[in-house]
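Taking it in order: structure first as structure tokens, then the write-up.
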2 protein chains.
Amino acid sequence: MANYIKLRARLMRDDDIAFGPGKAQLLDAIESTGSISAAARELGMSYRRAWLLVDTMNRCFREPLVHSAPGGKHGGGAEVTEAGRRIRQRYREMEQALRDLADDFEKSLENELN
Amino acid sequence: MANYIKLRARLMRDDDIAFGPGKAQLLDAIESTGSISAAARELGMSYRRAWLLVDTMNRCFREPLVHSAPGGKHGGGAEVTEAGRRIRQRYREMEQALRDLADDFEKSLENELN
DNA sequence: CACCGCTATATCCTGCCGTGCATAACGAAA
DNA sequence: TTTCGTTATGCACGGCAGGATATAGCGGTG
């Protein structure tokens, strides 16, 4: 039996999601593959979706988190900027702190379950 | 501009959601109205959905969180059990602790936004 | 200078979640 | 014993998020 607390923390800017778990994961994939399309393939999502996530991130923050360019060798590509890495790290730190806290509560709720 | 961190914590039991923010709110509404259907109306959700949420809760936990009965005066009704109140309170405490923690991180992320 | 893989964007299509609706059973009260 | 509002459950419809597909433009490299 897999009993656990599923957490989700999203940084909202008005009505759109500036940052969240999916976007953090996407930054990882872009960093390791060097392109949005390869990252999308790696994560099993459509290029459309990946591009929309990147676009939303870049629009929400002061500095872009991903720098991308068409053309060039093997067709340009994309890279995670300094700001991107910084924001991702802050987010991950928050995620970890939330996780630790949730785990403290987990047992007291879990032992009420079947 | 409404910038904030949206949090969601769900207690999972295998594949179904044993408890979460919607179920906590539903318990409140059942407590104040005395029936599942009135609670659903109050929250603007379908009776079907409300009933499914109650059913999932009751199946996941050792003791039922809601006791319900058909028939009777004005058609039976439903009430939140002692276990229901206890679990809801534990959950709310966790939610509050997570909220406080997230607020600490909020500013360091928020001031990167537009 | 043609090729290639990528970015960028629009349009169509689909699967899923939840609502709406319909129905049956229940049991206290009048 | 009739009435009434509820519990309990199934089924068909609709909205919408995301996938699939199509197309155009870009610019190093061979």
Side-chain angles (χ1 to χ4, degrees), chain A residues 6 8 10 12-60 64-81 84, chain B residues 6 8 10 12 14-27 29-60 64-81 84:
Chain A
K6 184 180 281 187
R8 193 177 67 183
R10 285 172 161 176
M12 307 298 293
R13 195 211 110 180
D14 295 326
D15 273 347
D16 41 26
I17 307 164
F19 210 81
K23 294 191 172 73
Q25 196 181 5
L26 181 59
L27 287 191
D28 291 343
I30 290 173
E31 200 167 47
S32 70
T33 62
S35 83
I36 296 176
S37 60
R41 282 194 295 274
E42 184 172 292
L43 298 181
M45 74 172 67
S46 62
Y47 174 80
R48 170 192 168 77
R49 175 158 175 71
W51 184 85
L52 285 173
L53 293 178
V54 167
D55 184 57
T56 302
M57 275 191 282
N58 285 347
R59 280 187 301 96
C60 285
L65 315 205
V66 172
H67 173 260
S68 58
K73 66 176 172 186
H74 296 291
E79 59 175 5
V80 178
T81 65
Chain B
K6 184 181 280 187
R8 194 178 67 183
R10 285 171 161 177
M12 306 298 294
D14 296 325
D15 273 348
D16 41 27
I17 307 164
F19 210 81
K23 294 191 172 71
Q25 196 182 6
L26 182 58
L27 288 191
I30 290 173
E31 200 168 47
S32 70
T33 62
S35 84
I36 297 177
S37 60
R41 282 195 296 272
E42 184 172 291
L43 297 180
M45 72 172 69
S46 61
Y47 172 78
R48 172 187 172 75
R49 175 159 173 72
W51 184 85
L52 284 174
L53 293 177
V54 168
D55 183 56
T56 302
M57 276 191 281
N58 285 347
R59 279 188 301 97
C60 285
L65 315 204
V66 172
H67 173 261
S68 58
K73 67 175 171 187
H74 296 291
E79 59 175 4
V80 178
T81 66

Quick one: closest heavy-atom pair of [X] and [Y], and the distance?
| X | Y | result |
| --- | --- | --- |
| L27(A) | V80(A) | O-CG2, 3.5 Å |
| T56(A) | I17(A) | CG2-O, 3.4 Å |
| R13(A) | R59(A) | NH1-O, 3.3 Å |
| I36(A) | W51(A) | CG2-N, 4.2 Å |
| V66(B) | A78(B) | CG1-CB, 3.9 Å |
| G77(B) | S35(B) | CA-CB, 4.3 Å |

Using atom [atom1] of [X] as one end and atom [atom2] of [N] as the other, report the distance to the nearest whole Å.
| X | N | atom1 | atom2 | value |
| --- | --- | --- | --- | --- |
| D55(B) | dG10(D) | CG | P | 10 Å |
| L43(A) | dG19(D) | CG | P | 11 Å |
| M57(B) | dT7(D) | CE | P | 13 Å |
| Y47(B) | dT9(D) | OH | C1' | 9 Å |
| W51(A) | dA20(D) | CH2 | P | 18 Å |

Results of side chain to side chain contact (heavy atoms under 4.5 Å, CB included) for E42(B) - residues two or more places apart only: A29(B), S32(B), T33(B)

So what does [X] touch, heavy atoms closer than 4.0 Å: a base, only the sugar-phosphate, or nothing?
| X | result |
| --- | --- |
| G77(A) | sugar-phosphate |
| A69(B) | sugar-phosphate |
| I36(A) | sugar-phosphate |
| G76(B) | nothing |
| R49(A) | sugar-phosphate |

Residue mapping more 5' on DNA chain D - nearest nucleotide basis, A50(A) or G72(A): A50(A)

Min side-chain heavy-atom separation I30(B)-V54(B) under 4.5 Å: yes

K23(B) and L65(B), any side-chain heavy atoms less than 4.5 Å apart: no

Any S68(B) side-chain N or O less than 4.0 Å from OP1/OP2 of dT6(D): no

5'-most by nearest nucleotide on DNA chain C - R48(A) or H74(A): H74(A)

Positional range of nucleotides in DNA chain C within the contact set of chain B, heavy-atom, under 4.0 Å: dG18(C) to dA29(C)

The helix from dC1(C)-dG30(D) to dA30(C)-dT1(D): angle between end helix axes, five pairs per end, rounded to 10 degrees: 10°

